[in-house]
Amino acid sequence: QKEVEQDPGPLSVPEGAIVSLNCTYSNSAFQYFMWYRQYSRKGPELLMYTYSSGNKEDGRFTAQVDKSSKYISLFIRDSQPSDSATYLCAMTRGSSNTGKLIFGQGTTLQVKP
Amino acid sequence: EPEVTQTPSHQVTQMGQEVILRCVPISNHLYFYWYRQILGQKVEFLVSFYNNEISEKSEIFDDQFSVERPDGSNFTLKIRSTKLEDSAMYFCASLLRQGRGSGANVLTFGAGSRLTVL
């Protein structure tokens with residue numbers, strides 16, 4: 001079983017739609033959960049960061065972590081064409097090396113005007 | 001907004017040649033990383049560096065790879081004898097601090113250096 005699994009898509013939605021992106025993981029030691037956005041041939045850019053379980057909201061973005069199910073989600077409300085990118089989930093264990101991220105495959109999102 | 005700067009943006013080299021990729025991390029950050037992304041694949045951890053030494057490395061980071069922080073601002077990744085399979089985007093990243101609290105564990109990536117080995 002892969003440590004982090006993410007459906008690569010592609011996912012195509014109309015402008016204004018609610019987008020749901022998800023990852024599952026196998027290692028219960030993961031405590032920090034991130035969502036990065038990556039445009040073509042660019043570096044990952046941090047969108048959301050959550051410690052342990054719970055929800056976090058930032059504007060149109062909501063991140064959810066369910067540690068009991070080993071499942072994390074990113075919701076994008078009122079999606080815009082500028083949201084078209086690849087979304088990477090990433091996670092890390094405890095506090096010993098929190099910069100060592102384990103990434104998902106990435107989901108490619110296209111928002112059509 | 002502080003950023004991580006990487007050079008070159010693209011390098012083409014012949015198999016067997018040495019390559020040095022350069023990074024300037026965010027100035028007050030203490031932890032430094034290299035990641036790799038082969039086209040169409042996941043972003044993968046290569047190595048972490050703290051207090052002038054490697055703190056952790058992956059299986060990918062074999063004897064052909066080395067990292068160095070030659071001065072107070074640069075962080076380099078050297079590949080001694082490149083192979084075709086080293087072709088990838090290489091991302092440098094830096095982190096202010098670990099643990100709990102504001103600003104901890106937020107890894108900032110550079111735009112990447114694309115390495116093409118022919």
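Scope of the values below: all heavy atoms of this structure, side chains included, with no hydrogens, waters or symmetry mates. Below, read A as the first sequence line, B as the second, and so on, with proteins coming before strands; counting in each chain starts at 1. Owing to the predicted nature of the structure, the values given are computational and were not obtained by experimental measurement.
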Are side-chain N/O atoms of A/Thr92 and A/Thr98 paired as donor and acceptor at under 3.5 Å?
no

Given that the side chain runs from C-beta out, which part of B/Glu44 has a heavy atom under 4.5 Å from chain A: side chain, backbone, both or neither?
neither

Is A/Tyr39 close to chain B through its backbone or its side chain, or both, or neither, when contacts mean heavy atoms under 4.5 Å?
neither

Under 4.5 Å heavy-atom distance to chain A, tell me which part of B/Tyr35 shows up: side chain, backbone, both or neither.
side chain

Walk me through whether A/Tyr71 and A/Asn22 qualify under side-chain contact (heavy atoms from CB on, under 4.5 Å).
CA-CA 7 Å; A/Tyr71 188 87; A/Asn22 311 292; 3.1 Å; yes

Let's go through B/Ser48 and B/Ser55 carefully: what are the C-alpha distance in whole Å and the side-chain angles of both, what is the deciding distance for side chain to side chain donor-acceptor pair (under 3.5 Å) to 0.1 Å, and is it a yes or a no?
CA-CA 6 Å; B/Ser48 55; B/Ser55 51; 2.8 Å; yes

Contacting moiety of A/Leu46, where chain B heavy atoms sit under 4.5 Å:
side chain

Salt bridge present between B/Arg69 and B/Glu53 (N-O < 4.0 angstrom)
no

Relative to each other, are the rings of B/Phe109 and A/Phe103 parallel, tilted or perpendicular (30° and 60° limits)?
perpendicular

So, the part of A/Leu88 with a heavy atom under 4.5 Å from chain B: the answer is side chain

Side-chain donor-acceptor pair under 3.5 Å between A/Gln31 and A/Tyr51, yes or no?
yes

Specify whether A/Phe30 and A/Tyr25 have parallel, tilted or perpendicular ring planes, treating 30° as the upper limit for parallel and 60° as the lower limit for perpendicular.
perpendicular

Between B/Leu107 and A/Gly99 the two heavy atoms that sit nearest each other are CD2-O, 3.4 Å

In terms of heavy-atom pairs under 4.5 Å, which option from B/Gly110, B/Ala111, B/Gly112 contacts chain A the most?
B/Ala111

Any donor-acceptor N or O pair under 3.5 Å, side chains A/Gln80, A/Asp78
yes

Between A/Gln6, A/Arg41, A/Glu45, which residue shows the highest count of heavy-atom pairs closer than 4.5 Å to chain B?
A/Arg41

Structural part of A/Gln38 lying under 4.5 Å from a heavy atom of chain B
side chain

Residues of residues 6-34 of chain B within contact distance of chain A, non-hydrogen under 4.5 Å
B/Tyr33

Using only heavy-atom distances, determine whether the side chains of A/Asp7 and A/Thr107 contain a donor-acceptor pair under 3.5 Å.
no

